[in-house]
Novice: 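Structure provided below as structure tokens; questions to follow.
Numbers for residues simply follow the sequence, beginning at 1.
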Amino acid sequence: PLLEIGLLHLSGSRNYEAAYAALIRAFGISPRFKQAGDNVFILLTLARIFEDVEEFERARELYELAGQHVQDLKGPDLIRRELNFLVLTQTGQVLARKGDRAGAREVYEILLKNANLSRDAEVRAEALFQYGKLLMEDGEQVRADTTLRASLKLWRSVNNRMKEASVLH
């Protein structure tokens, strides 16, 4: 119930303090969260809370911790790989918002080097989109254009019109 309360505060009322408190308690006391996979999602949720209130360093730390939990996951490599892509994409976004452009570029370059390992076109498309935006903001128009076109192609392949519009904007 604490997880649901935390998520309700987060999504419904945007009461970040209440959401954070409920999710921390859930993370600490619920037996459901003893498994590494659950820990990853709780940490990602907490990181998102901090990102939304512009506590970027705390968000980065939580994304890093989520990445460590991903490495501890048992089971198929595919699951670890996809979760790792998600964590790295979020880490790149928070670094860019924090103003650490070099750190964000490093993360996106790691993602793109390994993009062929992801079977999830949306994960690859989002990484390309975020990296393309960063390149555009840094004045690297040619590289940004190439990267954003690759993202657009992937968004179109999964028929995600909303993300397609974001790329075209």
Novice: Identify whether the distance between the nearest side-chain nitrogen and carboxylate oxygen of K113 and E109 falls below 4.0 Å.
Specialist: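 Salt bridge flag = no for E109 with K113.
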Novice: In Å, rounded to the nearest 0.5 Å, how long is the span from CD of Q141 to CG of L148?
Specialist: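 Separation between the atoms: 9.5 Å.
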Novice: Mind checking side chain to side chain donor-acceptor pair (under 3.5 Å) for D138 and listing every partner two or more places apart, or none if nothing turns up?
Specialist: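 D138 satisfies side chain to side chain donor-acceptor pair (under 3.5 Å) with R101, R105 only.
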Novice: Nearest 0.5 angstrom please: D100 CG to E57 CD, how far?
Specialist: 9.0 Å
Novice: Under a 4.5 Å side-chain heavy-atom rule over Ile, Leu, Val, Met, Phe, Trp and Tyr, are V94 and F41 clustered together?
Specialist: yes
Novice: Kindly work out whether a path of hydrophobic side-chain contacts (I/L/V/M/F/W/Y, heavy atoms less than 4.5 Å apart) joins V158 to V167.
Specialist: yes
Novice: Of all the heavy-atom pairs spanning S157 and A121, show the shortest one and how long it is.
Specialist: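 Scanning both residues completely, I find the closest heavy atoms to be OG-CB, 4.4 Å.
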Novice: Please report the shortest heavy-atom distance between L88 and I110, naming the atom on each side.
Specialist: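 What the structure gives for the nearest pair is CD1-CG2, 4.3 Å.
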Novice: Rounded to the nearest 0.5 Å, how far apart are CZ of R124 and CZ of F85?
Specialist: 8.5 Å
Novice: Taking atom CZ of R143 and atom CG of L134, what is their separation to the nearest 0.5 Å?
Specialist: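 One gets 9.5 Å once the value is rounded to the nearest 0.5 Å.
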Novice: Please round to the nearest 0.5 Å and tell me the distance separating atom CG of L44 and atom NE2 of H69.
Specialist: 10.5 Å
Novice: Quick check: are there more than 12 heavy atoms from other residues, nucleotides or ligands sitting under 6.0 Å from CD of E106?
Specialist: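 It does not: E106 CD has 12 such atoms or fewer within range.
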Novice: Can you give me the closest heavy-atom contact between A59 and A47, atom names plus distance?
Specialist: CB-O, 3.4 Å
Novice: In the single-linkage hydrophobic clustering (I, L, V, M, F, W, Y; side-chain heavy atoms under 4.5 Å), do F129 and L152 co-cluster?
Specialist: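 Same hydrophobic cluster.
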Novice: State, yes or no, whether a side-chain contact exists between N84 and Q71 at a heavy-atom distance under 4.5 Å.
Specialist: yes
Novice: Between T91 (side chain only) and Y63 (backbone N and O only), is there a donor and an acceptor less than 3.5 Å apart?
Specialist: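 Between the backbone of Y63 and the side chain of T91 there is no qualifying donor-acceptor contact (under 3.5 Å).
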Novice: Yes or no on side chain to side chain contact (heavy atoms under 4.5 Å, CB included) for E122 and K163, after CA distance, side-chain angles and deciding distance?
Specialist: CA-CA 10 Å; E122 292 185 3; K163 285 294 191 169; over 6 Å; no
Novice: Please determine if K98 and E54 form a salt bridge, counting it only when a charged side-chain N lies under 4.0 Å from a carboxylate O.
Specialist: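 Result for this pair is no, no salt bridge flagged.
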Novice: Give a yes or no on whether L65 and L46 share a hydrophobic cluster (residues Ile, Leu, Val, Met, Phe, Trp, Tyr; joining criterion: side-chain heavy atoms under 4.5 Å apart).
Specialist: yes
Novice: What pair of heavy atoms forms the shortest contact from A104 to G92, and how long is it?
Specialist: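 It is CB-O, 3.5 Å.
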Novice: Check this for me, if you would: do E61 and R58 make a salt bridge, where the nitrogen-to-carboxylate-oxygen distance has to be below 4.0 angstrom?
Specialist: no
Novice: Return yes if a side-chain donor-acceptor contact under 3.5 Å exists between Q93 and E51, otherwise no.
Specialist: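 No, because no side-chain N or O of Q93 sits under 3.5 Å from a partner of the opposite role on E51.
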Novice: Does M162 share a hydrophobic cluster with W155, counting links as ILVMFWY side-chain heavy atoms below 4.5 Å and allowing steps through other members?
Specialist: no
Novice: Calculate, to the nearest 0.5 Å, the distance between atoms OH and CG belonging to Y108 and L135 respectively.
Specialist: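 One finds 10.5 Å between OH of Y108 and CG of L135.
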Novice: If we check side chain to side chain contact (heavy atoms under 4.5 Å, CB included) with L128, which of these qualifies: T147, L111, T89?
Specialist: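 Testing each of T147, L111, T89 against L128, the sole residue satisfying side chain to side chain contact (heavy atoms under 4.5 Å, CB included) is T147.
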Novice: Kindly give the heavy-atom pair with the smallest separation between A66 and V87, and that separation in Å.
Specialist: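 The pair with the smallest heavy-atom distance is CB-CG2, 4.1 Å.
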